[in-house]
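Along the sequence shown, residues are numbered consecutively beginning with 1. Excluded from the calculations below are hydrogen atoms, water molecules and symmetry mates; all remaining heavy atoms, backbone and side chain alike, are included.
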Amino acid sequence: MDEKEIQSFLIISSVVLFILIITMISLFILFQKRKNALILKNEFEKKHFEQEISKAQIEIREETFRNISWELHDNIGQLLTLAKIQLQNDSSIDEVKGTLNKCLKELRDLSKLISPDALKNMSLEQAVTGEINRFNRLNFIESQLTIKGRQTKIDSKIEIVFFRILQEFFSNTIKHAKATHLDIILDYQTDMLIITAKDNGLGFDLNKQQHSGIGLSNIKNRAKLVNANATILSEPNKGTKLTITYQINHENTYSSNC
């Protein structure tokens, strides 16, 4: 190989090496950009998740305090009024004591709800049971809760989201559906939790946009936030049914995306 060929070989080798180095640097920069973008995305999703959980907790607490206000006025207030009337009518002491004891029991139950720790430490089953008992006690609507399967512990933040979704459904059932019966099922399967809530109310046409106020998109978005799926079926005069399906993560952690 003469000197000219050697020089040509060295030049070509240098160019190839330079191109390889530039390519490797470009790939490394691209990898770092994508990595940083993924980190930022995960941080944003985590922050958004925490914000939504905080919002749901605030809404649950606001709903709880509204319920307490209604019970103080409609339930305990009526019991105290009844006790006053009984005293004025010279009713038996036992009758008055019975009314006052019932009033005290209702106040004790309400005091548990006021405690922040009580709300924070409540399981989904306990929270839903409390709502159902209140509906039946105050004659809002005839309600029934059914638990199927062996209860599986899931992340408390996910339970908060599910409970808030159910609260929205309950609120619409009582305020708008004119239903007389409400059925809730918590079905714990091997790797799946299926929550259903069904009323026998007026129902509505899902294709009509004016019903968007019922919060359907909000319910679906909140379910999606915890990697669950929410579907709503309804027809005029045939009631409304909410179904939430959630793949149970046995590590009890929120979505791996976060």
Exercise for review: Look at the side-chain heavy atoms of Ile, Leu, Val, Met, Phe, Trp and Tyr, link any pair under 4.5 Å apart, and say whether M24 and V15 land in one connected group.
Suggested key: no
Check your understanding: With no hydrogens and no angle check, do the side chains of Q86 and T99 hold a donor and an acceptor under 3.5 Å apart?
Key -> yes
Review point. Would you say the side-chain atoms of D199 pair up with the backbone N or O of T173, donor to acceptor, closer than 3.5 Å?
Key: no
Check your understanding: Looking at OG of S143 and CD1 of I132, how far apart are the two atoms once the value is rounded to the nearest 0.5 Å?
Key -> 4.5 Å
Point to revise | Side chain proximity check, T243 to T245, heavy atoms < 4.5 angstrom | key: yes
Check your understanding: Can you hop from L79 to L104 via hydrophobic side chains spaced under 4.5 Å?
Key -> no
Review point. Under 3.5 Å, is there a donor-acceptor pair between the side chain of Q126 and the main chain of S123?
Key: yes
Check your understanding: Any donor and acceptor pair, going by atom type alone, linking the side chain of S234 with main-chain N or O of F204 inside 3.5 Å?
Key -> yes
Review point. Quick one: OG1 on T146 to CD1 on I185, what's the gap to the nearest 0.5 Å?
Key: 5.5 Å
Exercise for review: Ignoring hydrogens and angles, tell me if any N or O in the side chain of T129 forms a donor-acceptor pair with the backbone of E125 under 3.5 Å.
Suggested key: yes
Check your understanding: So how far is it from I147 CD1 to D187 CG, rounded to the nearest 0.5 Å?
Key -> 9.5 Å
Check your understanding: Will you find, in the side chains of E168 and N218, an N or O donor that is under 3.5 Å from an N or O acceptor?
Key -> yes
Exercise for review: Check whether any side-chain heavy atom of L193 sits under 4.5 Å from a side-chain heavy atom of I154, and report yes or no.
Suggested key: yes
Review point. Taking side chain as C-beta onward, heavy atoms only, is L124 less than 4.5 Å from I195?
Key: yes
Point to revise | I141 side chain reached by H181 side chain, heavy atoms, under 4.5 Å | key: no
Review point. Should L82 and V96 be regarded as members of a common hydrophobic cluster, given that ILVMFWY residues are connected when their side-chain heavy atoms come within less than 4.5 Å of each other, either directly or indirectly?
Key: no
Check your understanding: Are I194 and Y246 close enough that some pair of their side-chain heavy atoms sits under 4.5 Å apart?
Key -> no
Exercise for review: State, with a plain yes or no, whether a side-chain heavy atom of Y188 is found less than 4.5 Å away from one of Q151.
Suggested key: yes
Check your understanding: For the atom pair CD (E95) and CG (N89), what is the distance rounded to the nearest 0.5 Å?
Key -> 9.0 Å
Point to revise | Validation row: Q247, D191 side chains within 4.5 angstrom (heavy atoms) | key: yes
Check your understanding: Parallel, tilted or perpendicular: which describes the rings of F170 and F135, with under 30° parallel and over 60° perpendicular?
Key -> perpendicular
Study note, to complete from the structure: Note: K198 and F169 closest approach over all heavy atoms is N-CE2, 4.2 Å
Exercise for review: Check whether any side-chain heavy atom of F162 sits under 4.5 Å from a side-chain heavy atom of R222, and report yes or no.
Suggested key: no
**Study point:** Exercise: identify the closest heavy-atom pair between I165 and A223
**Key:** CD1-N, 3.8 Å
Practice item. Any chance you could measure T231, atom OG1, to L242, atom CG, to the nearest 0.5 Å? Key: 7.0 Å
Practice item. Kindly determine whether K153 and E159 satisfy side chain to side chain contact (heavy atoms under 4.5 Å, CB included), including the steps that lead there. Key: CA-CA 9 Å; K153 175 63 181 173; E159 288 189 328; 4.0 Å; yes
Point to revise | Non-neighbouring partners of L20 that pass side chain to side chain contact (heavy atoms under 4.5 Å, CB included), sequence neighbours left out | key: V16
Check your understanding: Is the side chain of Q144 donor-acceptor paired with the backbone N or O of I184 at a distance under 3.5 Å, no angle test?
Key -> no
Review point. Cluster question for you: counting only ILVMFWY and a side-chain heavy-atom cut-off of under 4.5 Å, with indirect links fine, are L202 and I232 together?
Key: no
Exercise for review: Decide side chain to side chain contact (heavy atoms under 4.5 Å, CB included) for L186 and L145; before the verdict, give the C-alpha distance in whole Å, the side-chain angles of both, and the deciding distance to 0.1 Å.
Suggested key: CA-CA 8 Å; L186 300 182; L145 171 64; 4.1 Å; yes
Check your understanding: Any donor and acceptor pair, going by atom type alone, linking the side chain of T81 with main-chain N or O of G77 inside 3.5 Å?
Key -> yes
**Study point:** L30 atom CG: more than 12 heavy-atom contacts under 6.0 Å
**Key:** yes
Review point. Just how far is it from atom OG1 of T240 to atom NZ of K238, taken to the nearest 0.5 Å?
Key: 12.5 Å
